[in-house]
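Side chains are part of it too, since the values below use all heavy atoms of this structure and drop only hydrogens, waters and symmetry mates. One-based numbering, in listed order, for ligands and for the atoms of each. Source: prediction; values computed, not measured.
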Amino acid sequence: MPIRTLFLFGTRPEAIKLCPVLRHLKSTPDLFDVKVCVTAQHRQMLDQVLAAFHVTPDVDLDLMLPGQSLFQSSSRILAALEPVFANLKPELAIVQGDTTTTLCGALAAFYARVPIGHVEAGLRTWDMAQPFPEEMNRVLTGRLADIHFAATPWAAANLHREGVPPERTHVTGNSGIDAVLYVRDGLANGTLSSGVDWSFLNPAKRLILVTAHRRESFGAGFERICLALNRLASRDDVEIVYPVHPNPNVQDPVNRLLANRPNIHLIPPLDYIPFVDLRRRAYLLITDSGGVQEEGPSLGKPILVLREKTERPEAVEAGTVKLVGTDENRIVSEAEILLDDPDLHARMGRVHNPYGDGHASTRISAAIRSFLRK
Ligand code: UD1
Ligand code: UDP
């Protein structure tokens, strides 16, 4: 009998990293009976990904509230999951990453006595405030999980140090790299198209693509980031495109400080395929996103990371990512170094991706089968 396997997710990055895995498991219906439950912790940004990967959820809890607090989202998600487990009776639950949905999904599975697989396990900064609340979410999810899919040997070693038995830990690569390579190669060979008219971009200028949304930067951090972007935009050889996260804590400072400025395009979050396409055209990425850091080397772009600490040290060691925090002067000076030193820029872009080779989903599927056999 195929194993009843429930995928639980709710935000954009979880969807990007789980759609390749669930599609892979669905391709073997004799082995896996796959069901998909979305909390819709994100609404529009989740739907953008579901559409790109042609995934229709079996259950859509539609839980997002505008400006939701952590208390609201976590309590509502946990409560809404009880009947999902009661109705679907999964034999295995799969969660990904470190969001509120991840933690609540794992806790719900634990309460329902369903084994848990955690995709992208073992990331750590060892600082519960950075990123907040994600570091705590992934530590707790790791404690709840029964099988851990680590993207890299470093992440697996973190789990071993915390007492997770090696036989419960599998180094699989990051399934986000499966997604980005699929889209990158599809755009290159013409089987995919972004469908976006980029004619608003000035080909004579170098494109800096920006994303930022972390809670620990809300307030003063975002003010400094915006001031830095304003200074960079005053150079006449660059233009900035910033798809702005819909969180009101992001929208407010970004619109107040950056709207209608020369050389700055504030746009809504891009669908995944256009976002890959736009990065191919960018000179430099400035971001606090986890996923964007991982995908960078596959797109050959240097990345300045708007954080003091990272749970993804491999990209820093590989030389493709540099941590610049949220200090205005540091952001400007590090960006200017890359703008003014094309050799350094080329070296930072020419890096083997330490996060994966595009086959994480295959390895996760094999690891689940071996776990279930045992
Ligand atoms: C969440 C995750 C974070 C992840 C990020 C990816 C938690 C605690 N945080 O943060 O780890 O990096 O997603 O983007 O789970 N909103 C919309 N439409 C959307 C999505 C969000 O309007 O499609 C707005 C809503 O007002 C919502 C707010 O953004 O209340 C915040 O969303 P939430 O999921 O609580 O937090 P994120 O900051 O997106
Ligand atoms: N992304 C996207 N459109 C955008 C910005 C980001 O599709 O406008 C993708 C990006 O390629 C990556 C993922 O969203 O795969 C990262 O999500 P996010 O930055 O929201 O969360 P994090 O990875 O920091 O948890």
Side-chain angles (χ1 to χ4, degrees), residues 9-20 38-53 62-74 76-77 95-105 120 123 130-138 141 174-184 194 196 209-218 222 241-252 266-280 282 285 287-296 298-299 301 303 305-307 310-312 355:
F9 54 96
T11 67
R12 170 172 69 190
E14 294 163 77
I16 289 169
K17 290 169 173 175
L18 283 182
C19 283
V38 295
T39 62
Q41 175 183 330
H42 286 172
R43 184 71 276 172
Q44 305 90 323
M45 294 200 317
L46 172 72
D47 293 343
Q48 289 177 317
V49 183
L50 295 173
F53 287 92
D62 195 22
L63 288 171
M64 194 194 88
L65 294 177
Q68 61 206 354
S69 69
L70 295 173
F71 294 92
Q72 288 174 320
S73 46
S74 53
R76 295 172 78 240
I77 290 169
V95 297
Q96 190 281 334
D98 50 24
T99 72
T100 302
T101 292
T102 314
L103 174 59
C104 294
E120 199 184 75
L123 300 190
Q130 298 189 63
F132 176 86
E134 289 82 4
E135 179 71 5
M136 183 59 91
N137 286 351
R138 56 196 172 216
T141 303
N174 195 308
S175 53
I177 307 306
D178 299 14
V180 77
L181 292 183
Y182 165 73
V183 174
R184 180 197 72 181
S194 79
V196 174
L209 182 54
V210 178
T211 78
H213 67 275
R214 302 242 77 90
R215 273 179 166 69
E216 60 274 17
S217 300
F218 289 173
F222 263 91
V241 174
Y242 184 169
V244 187
H245 192 290
N247 193 322
N249 295 297
V250 180
Q251 289 279 338
D252 293 351
L266 301 183
I267 60 172
L270 281 166
D271 289 359
Y272 184 61
I273 296 172
F275 189 63
V276 175
D277 191 24
L278 190 57
R279 276 177 290 173
R280 298 194 308 160
L285 311 179
T287 189
D288 64 12
S289 162
V292 174
Q293 286 177 65
E294 292 158 350
E295 293 164 353
S298 296
L299 299 166
K301 303 298 169 178
I303 303 180
V305 172
L306 302 165
R307 300 199 202 178
T310 182
E311 61 287 303
R312 293 169 171 89
Y355 296 107

J.: Could you go step by step and tell me if Thr211 and Ser289 meet the side chain to side chain donor-acceptor pair (under 3.5 Å) rule?
T.: CA-CA 7 Å; Thr211 78; Ser289 162; 4.8 Å; no
J.: Heavy-atom contacts with Gly67 under 4.0 Å: which atoms of ligand 1 show up? List them by number with element.
T.: 25 (C), 26 (O), 27 (C), 30 (O)
J.: Below 4.5 Å, heavy atoms only, C-beta onward: do Leu278 and Val241 meet side chain to side chain?
T.: yes
J.: Side-chain contact, heavy-atom cut-off 4.5 Å: Val250 with Val244?
T.: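 Touching, per the 4.5 Å side-chain cut-off.
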J.: Around atom OH of Tyr182, are there more than 12 heavy atoms from other residues, nucleotides or ligands closer than 6.0 Å?
T.: no
J.: How would you list, by chain and number, the residues with a heavy atom under 4.0 angstrom from ligand 2?
T.: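 Contacting ligand 2 under 4.0 Å are Arg12, Pro13, Ile16, His213, Arg214, Pro243, Pro269, Leu270, Tyr272, Phe275, Arg279, Ser289, Gly290, Gly291, Val292, Glu295.
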J.: State whether the side chain of Thr102 and the backbone N or O of Gln96 hold a donor-acceptor pair below 3.5 Å, judged by distance alone.
T.: yes
J.: What protein heavy atom sits nearest atom 39 (O) of ligand 1, and how far away is it?
T.: His42 NE2, 2.6 Å
J.: Below 4.5 Å, heavy atoms only, C-beta onward: do Asp98 and Thr141 meet side chain to side chain?
T.: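 They are not in contact (no side-chain heavy atoms under 4.5 Å apart), so the answer is no.
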J.: Does ligand 1 have a heavy atom under 4.0 Å from the side chain of Pro133, from its backbone, from both, or from neither?
T.: side chain
J.: Polar contacts were defined as any N/O atom of the residue lying under 3.5 Å from an N/O atom of the ligand; does this apply to Asn137 and ligand 1?
T.: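 Looking only at distances, the answer is no, because the N/O contact criterion of under 3.5 Å is not met.
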J.: With heavy-atom distances below 4.5 Å as the criterion, would you say the side chains of Pro246 and Pro269 are in contact?
T.: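 Pro246 reaches Pro269 side chain to side chain.
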J.: To check your reading of the model: name the closest protein heavy atom to atom 29 (O) of ligand 1, its residue, and the distance in Å.
T.: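 Scanning the protein heavy atoms, the shortest distance from atom 29 (O) of ligand 1 goes to Asn247 CA, 3.3 Å.
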J.: Give the atom numbers and elements of ligand 1 that come within less than 4.0 Å of a heavy atom of Pro13.
T.: 6 (C)
J.: Going by the order shown, which atoms of ligand 1 are within less than 4.0 Å of some heavy atom of Thr100?
T.: 7 (C), 8 (C), 15 (O)
J.: Is there side-chain contact between Phe275 and Val183, with at least one heavy-atom pair below 4.5 Å?
T.: no
J.: Identify which of Gln68, Arg215, His213 has a heavy atom lying nearest to atom 36 (O) of ligand 1.
T.: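 Nearest option to atom 36 (O) of ligand 1, by heavy atoms: Arg215.
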J.: Are any of the N/O atoms in Pro66 less than 3.5 Å from those in ligand 1?
T.: no
J.: Taking the basic N atoms (NZ, or NE/NH1/NH2) and the acidic carboxylate oxygens, is any pair closer than 4.0 Å for Glu135 and Arg138?
T.: yes
J.: Heavy atom under 4.0 Å from ligand 1: found in Ser73's side chain, backbone, both, or neither?
T.: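 No part of Ser73 is near ligand 1 at this cut-off.
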J.: So, are Glu134 and Arg214 salt-bridged, with charged N and O less than 4.0 Å apart?
T.: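 Looking at Glu134 and Arg214, the cut-off is met.
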J.: Within a distance under 4.0 Å of any heavy atom of Pro248, pick out the atoms of ligand 1 and give their elements.
T.: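 That gives atoms 26 (O) of ligand 1.
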J.: So for ligand 1, is Met45 a polar contact partner (N or O within less than 3.5 Å, distance only)?
T.: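 It does: an N or O of Met45 is found under 3.5 Å from an N or O of ligand 1.
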J.: With heavy atoms of Leu70 as the reference, note each atom of ligand 1 found under 4.0 Å away.
T.: 8 (C)
J.: For atom 22 (O) of ligand 1, which of the options Met64, Glu134, Arg214, Gln41 provides the nearest non-hydrogen atom?
T.: Met64
J.: Quick one: are Thr11 and Met45 in side-chain contact, heavy atoms under 4.5 Å?
T.: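 No, side chains not in contact.
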J.: Tell me, do His213 and Asp288 make a side-chain contact under 4.5 Å, heavy atoms counted?
T.: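 Heavy-atom side-chain distance check passes, below 4.5 Å.
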J.: Residue-level breakdown please: for Gln44 versus ligand 1, do any non-hydrogen atoms fall below 4.0 Å on the side chain, on the backbone, on both, or on neither?
T.: both
J.: Please examine the side chains of Ser298 and Ile177, heavy atoms only from C-beta on, and report whether any two atoms are closer than 4.5 Å.
T.: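 Yes, close enough: below the 4.5 Å cut-off.
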J.: If we only consider heavy atoms of His245, is any one of them less than 4.0 Å away from an atom in ligand 1?
T.: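 Checking ligand 1 against His245, which is what was asked, there is a heavy-atom contact under 4.0 Å.
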J.: Heavy-atom count around Phe132 CZ within 6.0 Å, excluding the residue itself: above 12?
T.: no
J.: Check the orientation of His245 and His42. Use parallel for under 30°, tilted for 30 to 60°, and perpendicular for over 60°.
T.: perpendicular
J.: By number and element, which atoms of ligand 1 are closer than 4.0 Å to a non-hydrogen atom of Arg43?
T.: 19 (C), 23 (O)
J.: Name the closest protein heavy atom to atom 30 (O) of ligand 1, giving the residue it belongs to and the distance to 0.1 Å.
T.: Leu65 O, 2.7 Å
